[in-house]
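See below for the structure under consideration.
Values in this document were obtained by computation on a predicted structure and should not be read as measured data.
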Amino acid sequence: MMVQQITCRCQSWLMRGLWRSPSSQSTVGTSRPRKNSSVTNGSNDGNGLQVYNSLSSSYRTLPPRPNTSPLGIAMYVCGPTVYDSAHLGHGRTYVSLDILRRVALNLHHGSGGGGVGDRTDSSDVSLITTRPLYVMNITDVDDKIIQRSTERRDNVNYGKESEAEADPLSLARYYEREFWQDMDALNVMRPDVICRVSEHVELTIVPYIQQIVDGGMAYVIPEGECIGGNVEDGAKVQQQSQQTMQGSVYFDVRAFESITNGKTKYGKLAPDVASTDFFSWESDENEGDDEGEPIRKKRDPRDFCLWKYRPRSSSPMYKTIEPPSASYSSPWGPGRPGWHVECSAMIDRLSRDFRSSHKFAVHAGGVDLKFPHHSNEIAQAEAYKKATETGNDGSGDDFEEWIPHWIHTGHLYVKGRKMSKSLKNFVTIREMLGVTNVKESSSVLTSDQNNAWLSPADDFRLWCLGLSGAYRGPATYSKDRMEEARVVREKWIRFLMVGQECLDRLSSLDNGIGDMANAKSSRLWGEDELEMFHTVTKCSMNCRKALLDDLDGASFVKELTRIAETGLAYVEKVTPGQSTQLSKNRPEEPLRFALDTLRGQLELVGFTQKSVNAGIFARDALPDDILGGLSPTNASLLDESVAFRAAVRSAALGVIRKKNDGFDASGKILSLCDEMRDDTFPKLGIQILDNKVVHDENKEGVHRGWTHCSPRSPSMGRKM
């Protein structure tokens with residue numbers, strides 16, 4: 001059956017054109033799917049976030065306009081099955097959805113006057129609607145978790161210090177903690193609500209299944225009547241399943257389509273995959289849930305399990321006994337829920353819990369969940385709703401979609417193959433981040449720990465945003481792609497650093513304006529300032545348009561780079577030392593505007609403070625090596641250090657020129673000076689300027705031979 005589903009899914013992708021060979025994908029994000037007039041939902045009013053809806057195959061606005069409902073929207077995201085470390089496929093999905101969430105929140109907070117990309121204090125914004133609610137589930141009851149715990153329990157080399165992880169639920173808790181640590185390291189915001197399957201089984205999921213059974217859209221396959229026995233007719237099975245029958249419960253697709261009377265159809269989220277034309281009706285329709293368990297005969301190959309019966313004592317039909325922490329009680333005997341029903345039931349529970357403030361309008365996850373998982377979720381939810389209505393004759397109100405908007409992120413490939421734990425070609429998030437000690441709650445980097453601007457998490461976010469193609473398309477990961485992201489981000493960081501340094505020096509002139517000799521000196525905006533302002537303004541508007549256009553990250557990154565390049569070009573004209581008078585007459589507002597705009601955009605899409613605050617002289621909260629800048633005290637110390645180095649270097653060069661062989665230490669001194677220039681200071685983001693001094697407007701008669709630079713490893717930028 002699994003082979004059939006995989007085959008159908010591949011055929012579906014080829015027919016619909018949703019899959020392309022990763023080798024044909026551009027590395028700069030040009031594979032973003034284009035909008036088509038036949039699938040759009042009208043023009044964007046400039047305020048709504050247009051996001052592709054997998055259910056309707058069209059672009060729809062998120063969040064819905066405030067006048068459509070007083071309720072805030074709730075978004076449900078399928079979280080991980082916690083039986084192993086999260087890999088970069090998970091990382092790309094949750095980083096992409098985090099960006100989407102941040103943009104939606106920004107639109108919500110900005111409804112009172114802020115807007116996408118503005119650095120505004122949300123506390124000053126009058127909120128019109130309830131803040132969007134972000135919900136994620138954790139699958140901590142699953143066959144994979146039980147199998148992994150069994151493997152650990154049976155492994156003679158498994159350490160005693162981790163014996164608790166051999167229990168399925170303890171194992172799940174371990175990897176859940178690790179997952180949240182990984183998300184924190186990637187700067188992914190924590191969900192507003194976390195729902196764990198283990199906490200909902202008996203109180204939420206079992207009653208949910210019972211309602212579907214009572215509605216005639218699910219049936220019980222009794223234990224002892226599997227292959228080799230005589231399967232009872234449907235009516236008798238339904239009657240007994242509601243009373244005392246023990247066994248596994250299956251969703252009845254045929255009954256569902258009959259009772260809903262054509263108002264909906266099974267598999268509508270992926271109709272080509274779910275089509276019965278792709279199922280071989282002559283093949284073996286029998287299904288066993290796990291290895292060593294009895295094979296059950298389903299009525300329809302599309303039927304799927306809602307409840308897995310598992311005995312708690314030895315039985316000739318079962319080779320293994322269910323671990324106590326994974327066994328739950330139900331009217332159909334002990335066992336655990338099927339995977340698909342868990343999300344549907346928990347969403348129903350949360351919909352009732354938050355009915356006074358939110359309505360679930362968005363459901364998201366990886367594209368591999370589209371069928372069968374999400375398709376089965378929809379069928380269960382619609383069956384449950386129909387079963388709770390009065391009568392099952394097909395009458396009632398007009399049909400309303402359970403979740404109207406579905407978002408799916410694309411597959412991640414490595415060397416042409418989908419990243420997967422089963423294929424053992426996955427890279428964990430921790431490996432990408434360079435974490436060496438997975439037992440610790442804090443990240444420990446393997447190298448360049450002193451580089452205040454080093455951030456693999458930000459590089460990965462940049463890659464997910466704009467260098468990996470559209471979030472809903474396939475992407476190919478490699479270390480080269482991460483290096484591309486690092487180079488792009490370095491240009492942004494360089495502008496934030498040198499731009500902030502220049503701004504601070506311009507600001508210092510205003511701070512001492514009373515001491516200025518020329519009271520008529522002007523800070524009037526000139527052509528350079530106006531040109532930069534208008535360019536940055538246009539780029540900021542384009543950034544907004546890109547994000548609102550189904551998260552067009554490639555265009556967004558392009559505009560940010562243009563802001564940085566424009567700012568760097570302006571700083572080159574303003575840098576003190578080229579023309580003292582020119583520097584004094586430059587206003588500070590245009591440069592501050594450019595810096596704030598770039599920082600605001602970076603903050604909006606979730607970059608860490610290492611990127612956002614590069615160059616800022618904020619020292620109250622964090623140490624110098626974290627924020628990446630220099631306090632006045634440290635700046636003075638650096639000035640003196642560089643001056644000392646210059647003096648030693650000058651003396652050594654003098655000895656060499658005079659050919660005084662008695663001074664044997666000269667070569668060593670020069671070597672040490674070069675090491676400080678090429679290795680020590682560049683690693684801290686400081687560039688020493690040999691034979692070129694920069695006049696410091698803050699100190700009359702003092703010359704400064706250093707400037708900020710992009711942080712780099714010792715091997716980069718070494719002077720020859």
**OP:** Report yes if the side chains of T476 and P474 come closer than 4.5 Å at any heavy-atom pair, otherwise no.
**Re:** no
Subject >> Which atom of T597 lies closest to which atom of F593, heavy atoms considered >> reply: OG1-O, 2.7 Å
Original post:
What distance do Y52 atom OH and R60 atom CZ have between them, rounded to the nearest 0.5 Å?
Top reply: 10.5 Å
**OP:** Using a 4.5 Å cut-off on heavy atoms from C-beta on, say whether the side chain of F495 contacts that of L595.
**Re:** yes
Original post:
Is the backbone of A564 close enough, under 3.5 Å, to the side chain of K491 for a donor and an acceptor to pair up by distance?
Top reply: no
**OP:** Using a strict 4.0 Å threshold on nitrogen-to-oxygen distance, state whether R486 and D459 make a salt bridge.
**Re:** no
Original post:
Got a second to check how far S96's OG is from H408's NE2, nearest 0.5 Å?
Top reply: 14.0 Å
**OP:** Give the minimum heavy-atom separation between L547 and L604, together with the two atoms involved.
**Re:** CD1-CD2, 3.4 Å
Subject >> Sequence-distant partners of E529, salt bridge (Lys or Arg N to Asp or Glu O under 4.0 Å), two or more places apart >> reply: R586
Original post:
When the ring planes of Y94 and H90 are compared, do they come out parallel, tilted or perpendicular, using 30° and 60° as the limits?
Top reply: parallel
**OP:** Under the side chain to side chain donor-acceptor pair (under 3.5 Å) rule, collect the residues that match up with S555, sequence neighbours excluded.
**Re:** D552
Original post:
Is any side-chain heavy atom of Q50 closer than 4.5 Å to a side-chain heavy atom of L548?
Top reply: no
Original post:
Which heavy atom in A485 sits nearest to a heavy atom in L462, and how many Å separate them?
Top reply: O-CD2, 3.0 Å
Subject >> Evaluation steps, side-chain contact (heavy atoms from CB on, under 4.5 Å), between M497 and R494 >> reply: CA-CA 5 Å; M497 291 165 51; R494 175 168 174 76; 5.8 Å; no
Original post:
What do the steps show when you test I429 against M183 for side-chain contact (heavy atoms from CB on, under 4.5 Å), and what is the final call?
Top reply: CA-CA 9 Å; I429 293 174; M183 293 300 101; 3.7 Å; yes
Original post:
If you measure only the distance, is there a donor-acceptor pair under 3.5 Å linking the side chains of R489 and S611?
Top reply: yes
Original post:
How would you list, by chain and number, every residue that makes a salt bridge (Lys or Arg N to Asp or Glu O under 4.0 Å) with R562, sequence neighbours excluded?
Top reply: none
Original post:
Between R592 and S507, is any pair of side-chain heavy atoms under 4.5 Å apart?
Top reply: yes
**OP:** First locate atom CG of L88, then atom OG1 of T428, and finally report the distance between them rounded to the nearest 0.5 Å.
**Re:** 7.0 Å
**OP:** Decide whether Q500 and R599 meet the rule of one side-chain donor and one side-chain acceptor closer than 3.5 Å.
**Re:** yes
Original post:
Quick one: do D184 and R190 make a salt bridge, cutoff under 4.0 Å?
Top reply: yes
Subject >> Full working for side-chain contact (heavy atoms from CB on, under 4.5 Å) between V612 and E603 >> reply: CA-CA 6 Å; V612 175; E603 187 175 44; 4.2 Å; yes
Original post:
Quick one: OG1 on T537 to CE on M532, what's the gap to the nearest 0.5 Å?
Top reply: 10.0 Å
Subject >> Set of ring-ring contact (aromatic ring centres under 6.0 Å, His included) partners for Y570, sequence neighbours left out >> reply: none
**OP:** Working to the nearest 0.5 Å, report the span between CG of N542 and CZ of F556.
**Re:** 11.5 Å
Subject >> Heavy-atom check, side chain of L107 versus side chain of L62, under 4.5 Å >> reply: no
Original post:
Charged N to carboxylate O under 4.0 angstrom, R505 versus E501?
Top reply: yes
**OP:** Of all the heavy-atom pairs spanning V557 and G466, show the shortest one and how long it is.
**Re:** CG2-CA, 3.8 Å
Subject >> Note, V51 side chain near L551 side chain (heavy atom, < 4.5 Å) >> reply: no
Subject >> Shortest non-hydrogen contact from L186 toward G91 >> reply: CD1-CA, 4.2 Å
Original post:
Rounded to the nearest 0.5 Å, what separation is found between the OG1 atom of T608 and the CG atom of N613?
Top reply: 9.0 Å
Original post:
Among H87, M432, R430, whose side chain to side chain contact (heavy atoms under 4.5 Å, CB included) with D182 holds?
Top reply: R430
**OP:** Decide yes or no for L591 and V574: does some side-chain heavy atom of the first lie under 4.5 Å from some side-chain heavy atom of the second?
**Re:** no
Original post:
Can you name the residues that form a side chain to side chain contact (heavy atoms under 4.5 Å, CB included) with M482, not counting sequence neighbours?
Top reply: F460, W463, Y477
Original post:
Do the non-hydrogen side-chain atoms of L105 and M189 ever get within less than 4.5 Å of each other?
Top reply: yes
Original post:
If you look at every heavy atom in W525 and P587, which pair is closest and at what distance?
Top reply: CD1-CG, 3.5 Å
Subject >> Residue pairs involving residues 95-104 (criterion salt bridge (charged side-chain N to carboxylate O under 4.0 Å, His left out); sequence neighbours excluded) >> reply: D98-R102, D98-R461, R101-D192
Original post:
Any side-chain donor paired with an acceptor under 3.5 Å for Y471 and D550?
Top reply: yes
**OP:** Might you work through the side-chain contact (heavy atoms from CB on, under 4.5 Å) test for R92 and S468, ending with a clear yes or no?
**Re:** CA-CA 9 Å; R92 184 183 184 231; S468 67; 3.6 Å; yes
